[in-house]
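Only one structure is covered here, and it is reproduced in the block below.
We name chains A, B, ... by the order of the sequence lines, and we start the count at 1 in each one. Values below: every heavy atom of this structure, side chains too, minus hydrogens, waters and symmetry copies. Everything numeric in this text was worked out from a predicted model, so none of it was measured.
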2 protein chains.
Amino acid sequence: MRIGELSRRTGVPVPTIKYYVREGLVPAGRLTSPNQADYGEVHEQRLRLIRALLDVGGLKVAAVADVLVAVDDPGLPEHKVLGVATDLLVSRYPEEEPDVALEAARARVDELIERRGWRVGAACPGRESLAVALASLERVGHADFGGALDTYADAAESLAVADLDYAVGGGDRDERVERAIVGTALGGAMLASLRHLAHVDRSARLHGHGQAPHASADTAPRNGAGPL
Amino acid sequence: MRIGELSRRTGVPVPTIKYYVREGLVPAGRLTSPNQADYGEVHEQRLRLIRALLDVGGLKVAAVADVLVAVDDPGLPEHKVLGVATDLLVSRYPEEEPDVALEAARARVDELIERRGWRVGAACPGRESLAVALASLERVGHADFGGALDTYADAAESLAVADLDYAVGGGDRDERVERAIVGTALGGAMLASLRHLAHVDRSARLHGHGQAPHASADTAPRNGAGPL
């Protein structure tokens, strides 16, 4: 199909498609003349994936580019591409002067990983981003919330099993990698919504003011807040 | 203390502090002369909280403003403020023409909530954001990943118990509300890092190439990806 048709079918404007091709997010079309390229199912699927990662997964274009360029590099082994995919979860923080809170948090992360027997290299970026989160809790006076760390780690383990089970069920390298990306990014969106719903439910039970299941619509409260 | 000292202690520039006061994120100082205000412990703690929510929680200033303005509104009942806090988890999507995928996803969300007996009003925004995520999976050809929905819901429930247990342990309304905000936002940052670490571990076990626990540092791979 021509680029106009590809745009019509995916809802992505032509200049945006051209930008994605230039940045390596979408493979180039097959040239049928010096000024015209032919696009197919692969391009349509890729554009739908990009829109889902940006609009629903909440990722930035640069992050999507990192992972899709890795996917399209045939020389990169599958486990490396999967590593780039799960890196989508990790926030990079500016280097800061390590203080007492950060040093203590790093030691706590090391202890957690050792205790759980997680096979995680010393350079794995999740170590530092978790330490930054724990140090931040300490600095705002909420170190006690770190007591929930093992509950959080249990949840993360069961999610990782579900995510990776889905990924390895793919038929070939490209499908397995795409499944890993989808599970990581759209799984994150699913999880945030589910945490919200579970918060609302838990709060209703604790405060005894929530409505019983199957009740009719509540009136719309301030800021669209649910009846928490 | 003067605003310069407050800036020095928190690392937040003076113009930014003034901006936060104007936008209602930080309460005004006590005027000691027409051009000078006095700030205290409350302001310092509030600024640390704002930086944590922005830098580590990954929130936008507008979202932080929504929730802090609610906190500082003494007329707003506690459960309404908690509702605004957990709304931080919900992404708002532009209204779109409902298609078959979205209608089916909404029905699936209703069924999930009913089956789990969650006390969640019909207007709760988490319903729609979860439906959008599920519809997006369908559109990119990964409806099968929705099979992980109950694993995700189980995880969300146990996290909500931990978050709300922490929140209700606060001594007064303001502390309970602050704990709910911290648990929601910094808990989300903790969770993303833990998902990453658990992905790396799970992948190492599945692919049999990860290092055993306590191994020495791996060489830094492409893009900083862990040895997944």
Could you tell me which portion of B:Asp55 (side chain, backbone, both or neither) has an atom closer than 4.5 angstrom to a non-hydrogen atom of chain A? backbone
Sort A:Tyr152 into side chain, backbone, both or neither according to what part of it lies under 4.5 angstrom from a heavy atom of chain B. both
Can you tell which of A:Ala198, A:Ser158, A:Ser193 has the highest number of heavy-atom pairs within less than 4.5 Å of chain B? A:Ser193
Starting at OG1 of B:Thr184, measure out to NE2 of A:His199 and round the result to the nearest 0.5 Å. 4.5 Å
Is A:Arg51 in contact with chain B via its backbone, its side chain, both, or neither, using a 4.5 Å heavy-atom distance? neither
Between A:His142, A:Arg127, A:Glu128, A:Gln45, which residue shows the highest count of heavy-atom pairs closer than 4.5 Å to chain B? A:His142
Student check: side-chain heavy atoms of B:Leu191 and A:Leu191 closer than 4.5 Å: yes
Sort A:Arg195 into side chain, backbone, both or neither according to what part of it lies under 4.5 angstrom from a heavy atom of chain B. both
Start with the C-alpha gap between A:Leu137 and B:Met190, add the side-chain angles, then the distance that decides, and say whether side-chain contact (heavy atoms from CB on, under 4.5 Å) holds. CA-CA 10 Å; A:Leu137 283 170; B:Met190 238 163 66; 3.8 Å; yes
Heavy-atom closest pair (B:Leu159 atom, A:Thr151 atom, distance to 0.1 Å) is CD2-O, 4.3 Å
Heavy-atom cut-off 4.5 Å, strictly under: side chain, backbone, both or neither for A:Val168 against chain B? side chain
Find out whether B:Arg119 and A:Val200 are in side-chain contact, i.e. whether some heavy atom of one side chain is under 4.5 Å from a heavy atom of the other. no
For A:Cys124 and B:Leu197, work out which heavy atoms get closest and say how close. SG-CD2, 3.8 Å
So which heavy atom on A:Asp201 is nearest to which on B:Trp118, and how close? OD1-CA, 3.3 Å
Give the member of A:Val81, A:Leu49, A:Asp144 that has the highest number of heavy-atom pairs under 4.5 Å with chain B. A:Asp144
Shortest non-hydrogen contact from B:Ala52 to A:Val140? CB-CG1, 3.7 Å
Closest heavy-atom pair, A:Phe145 versus B:Gly187, reported as atoms and distance to 0.1 Å, is CE2-CA, 3.8 Å
Contact origin within A:Leu112 toward chain B - heavy atom pairs under 4.5 Å: side chain
Most heavy-atom pairs under 4.5 Å with chain B, out of A:Arg179, A:Arg116, A:Arg48, A:Arg202, belong to A:Arg202
Tell me, out of B:Val109, B:Val132, B:Val90, B:Leu130, who's got the most heavy-atom pairs with chain A below 4.5 Å. B:Leu130
Side chain, backbone, both or neither: which part of B:Leu134 has a heavy atom under 4.5 Å from chain A? side chain
Can you tell which of A:Pro77, A:Ala192, A:Ala153 has the highest number of heavy-atom pairs within less than 4.5 Å of chain B? A:Ala192
Is the backbone of B:Thr86 close enough, under 3.5 Å, to the side chain of A:His196 for a donor and an acceptor to pair up by distance? yes
